[in-house]
Student: 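Here you go, one structure.
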Number of protein chains: 2
Amino acid sequence: MRWDSVGDLNCSVARTLAIVGERWTMLILRDAFLGHRRFDEFQTGTGIARNILSSRLRALVANGILERVKAEGEVGRIEYRLTKKGIDLYPLIVAMLKWGDTWLADEHGPPLTLIHRTCGARTTPVMVCPQCGQHIAARDMVAIPRRPAHHVRRPARGTHRQASR
Amino acid sequence: MRWDSVGDLNCSVARTLAIVGERWTMLILRDAFLGHRRFDEFQTGTGIARNILSSRLRALVANGILERVKAEGEVGRIEYRLTKKGIDLYPLIVAMLKWGDTWLADEHGPPLTLIHRTCGARTTPVMVCPQCGQHIAARDMVAIPRRPAHHVRRPARGTHRQASR
DNA sequence: CGGTATCCCATTTGATACTG
DNA sequence: CAGTATCAAATGGGATACCG
């Protein structure tokens, strides 16, 4: 399968990956969450080549994750800001941050510490079930396909498959 | 900057991306969480080319995320199982699933529903602060670098930078 | 500052065939 | 079943130069 068709799969994970799964893209988003807004900030922050950065920013804007606005006050100043859709990616960043802290940290400990402003605690977000409040463990979750026994099989063009996930 | 050196950055997000940021890799992991264990299951599940799959599986095993075991009972049968380190990636998958459900779903609704076995509820995990129990919003979090004002600047070889994030 | 344009090499990929 | 081997084609990526 071509990567371009991954976004067409009937799977939210695949669709998400098709948009933010590109490696530099997530790094750009990390910077966005750290408050970066300008082209050159992203460039130095991520170390990405300028032409690639340009292309990735354009894609993020096209996908409604960043919005490109002319900054007030200074003329010719452009800012890229996270939209609601973009801000909603925060759990993804946090999940990576946390996993990295847990499994990839060096002897100095986590490079970054998070503080929850509203309660003042130095903390790391955890995933819970909103119904019962318990921590989520992978083994406790069951995934149910939308249409359990109804497999749509398309006429099969080449290696084109459908994945009902 | 070369992508290979991203893993060396002093940033947990970057380090995590260096390992699981590859596009097919996350798709393989999605399948792993859905219970897939065999080479061919992954192959049909993801649609990835066999040689690439082979290479990705090897990397995942090398990184301690999957373990390659000879299945008992059937001879010559290999299984790839999530290790503890791999299972710990679950929040990442869920975060993607949820974002995709929210922002990329078609008119049929989410392709997959999650059920929390322990409480029986059809649910979607949320991120909360373990201290105060409140939902986490990006704006409520502040990130503090480990060594706030101490910037190490290396002799600068080529475009090599350091990012203290 | 905020990009585009271009060049050109390195890597990835997909398909296919083959092996123990 | 679980891969390897091979190879052509596409893509990605870095450097650099240039523009409004």
Side-chain angles (χ1 to χ4, degrees), chain A residues 1-7 9 17-18 20-28 31-32 36-62 66-81 156-161, chain B residues 1-7 14 17-18 20-28 31-32 36-62 66-81 156-161:
Chain A
M1 181 187 4
R2 299 287 163 68
W3 181 255
D4 352 345
S5 51
V6 162
L9 291 180
L17 279 172
V20 297
E22 198 277 328
R23 45 199 202 180
W24 295 114
T25 300
M26 285 307 303
L27 234 37
I28 293 172
D31 276 9
H36 293 209
R37 294 186 161 186
R38 303 207 322 273
F39 189 91
D40 278 15
E41 282 182 307
F42 288 116
Q43 208 275 311
T44 42
T46 58
I48 190 177
R50 299 176 70 81
N51 49 351
I52 312 290
L53 174 59
S54 172
S55 141
R56 296 299 179 272
L57 285 175
R58 207 176 315 128
L60 283 167
V61 170
L66 293 179
E67 84 188 314
R68 188 177 186 277
V69 297
K70 300 191 198 308
E72 301 177 35
E74 297 166 84
V75 234
R77 180 73 158 267
I78 305 291
E79 288 191 354
Y80 293 91
R81 297 192 195 159
R157 172 172 65 77
T159 59
H160 225 75
R161 303 164 314 89
Chain B
M1 181 187 3
R2 299 287 161 65
W3 182 255
D4 346 353
S5 52
V6 162
L17 280 171
V20 298
E22 199 275 329
R23 45 198 203 179
W24 295 115
T25 299
M26 285 306 305
L27 234 36
I28 293 172
D31 276 10
H36 292 209
R37 294 188 162 184
R38 304 205 323 272
F39 190 92
D40 277 15
E41 281 182 307
F42 288 115
Q43 209 274 312
T44 41
T46 58
I48 190 176
R50 300 178 70 82
N51 49 352
I52 311 291
L53 174 60
S54 172
S55 141
R56 296 300 178 270
L57 285 175
R58 207 175 315 128
L60 283 166
V61 169
L66 293 179
E67 82 187 318
R68 185 178 187 278
V69 297
K70 300 190 198 311
E72 300 176 37
E74 297 165 84
V75 237
R77 177 75 157 266
I78 305 292
E79 287 191 353
Y80 293 91
R81 297 190 195 161
R157 172 171 67 76
T159 61
H160 225 75
R161 303 163 316 87

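Protein chains get the first letters and strands the later ones, always in sequence-line order, with residue 1 at the start of each. Fair warning: this is a prediction, and the values are worked out from it, not measured in the lab.
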Student: Under a 4.5 Å cut-off applied to non-hydrogen side-chain atoms, are Arg50(A) and Phe39(A) in contact?
Tutor: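 Yes, their side chains come closer than 4.5 Å.
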
Student: How many whole angstroms separate atom CG of Leu66(A) from atom P of dG3(C)?
Tutor: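 Taking CG of Leu66(A) and P of dG3(C), I get 12 Å after rounding.
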
Student: From CD of Glu41(A) over to P of dC1(C), roughly how many Å is that when rounded to an integer?
Tutor: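 From Glu41(A) CD to dC1(C) P: 10 Å.
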
Student: Angle between ring planes, Phe42(B) versus Tyr80(B), binned at 30° and 60°: parallel, tilted or perpendicular?
Tutor: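 Ring orientation, 0 to 90° scale: perpendicular.
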
Student: Has Gln43(A) got a side-chain atom pairing as donor or acceptor with Ile48(A)'s backbone, closer than 3.5 angstrom?
Tutor: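 Checking the backbone N and O of Ile48(A) against the side chain of Gln43(A), a donor-acceptor pair under 3.5 Å is found.
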
Student: Within a strict 4.5 Å, meaning less than it, do heavy atoms of the Leu53(B) and Trp24(B) side chains meet?
Tutor: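 Side-chain contact under 4.5 Å: no.
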
Student: Round to the nearest Å and state the distance from Ile48(B) atom CD1 to dT12(C) atom C1'.
Tutor: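 Answer to the nearest Å: 11 Å.
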
Student: What is the distance, to the nearest angstrom, from the CD1 atom on Ile28(B) to the P atom on dT13(C)?
Tutor: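 After rounding, the gap between these two atoms is 11 Å.
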
Student: Whole Å only: how far is the CZ atom of Phe42(A) from the P atom of dC1(C)?
Tutor: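 In whole Å, dC1(C) P and Phe42(A) CZ are 15 Å from each other.
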
Student: Roughly, in whole Å, what's the span from CG in Leu53(B) to C1' in dC1(D)?
Tutor: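 Roughly 13 Å, once rounded to whole Å.
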
Student: Would you mind building the protein contact string for nucleotides 3-12 of chain D? One character per nucleotide, 5' to 3', B for base within reach (heavy atoms under 4.0 Å), S for sugar-phosphate only, - for untouched.
Tutor: BSBB-----S

Student: Do Arg23(B) and Leu17(A) have side chains that get closer than 4.5 Å, going by heavy atoms?
Tutor: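 They are not in contact (no side-chain heavy atoms under 4.5 Å apart), so the answer is no.
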
Student: Mind grabbing the angle between the end helix axes of the helix from dC1(C)-dG20(D) to dG20(C)-dC1(D)? Five pairs an end, 10° rounding.
Tutor: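 Angle reported: 50°, given to the nearest ten degrees.
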
Student: Do Glu79(B) and Val69(B) have side chains that approach each other closer than 4.5 Å (heavy atoms only, starting at C-beta)?
Tutor: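 Side-chain contact under 4.5 Å: yes.
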
Student: Who pairs with Glu22(B) by salt bridge (charged side-chain N to carboxylate O under 4.0 Å, His left out), at least two apart in sequence or on another chain?
Tutor: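 Testing Glu22(B) for salt bridge (charged side-chain N to carboxylate O under 4.0 Å, His left out), a comparison that skips the adjacent residues, returns Arg56(B).
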
Student: Checking side-chain contact (heavy atoms from CB on, under 4.5 Å) between Leu57(B) and each of Ile78(B), Ile28(B), Thr25(B), which is the one that passes?
Tutor: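 It is Ile28(B); the other options fail the test.
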
Student: Using whole Å, report how far CG of Leu27(A) lies from P of dG13(D).
Tutor: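 In whole Å, dG13(D) P and Leu27(A) CG are 12 Å from each other.
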
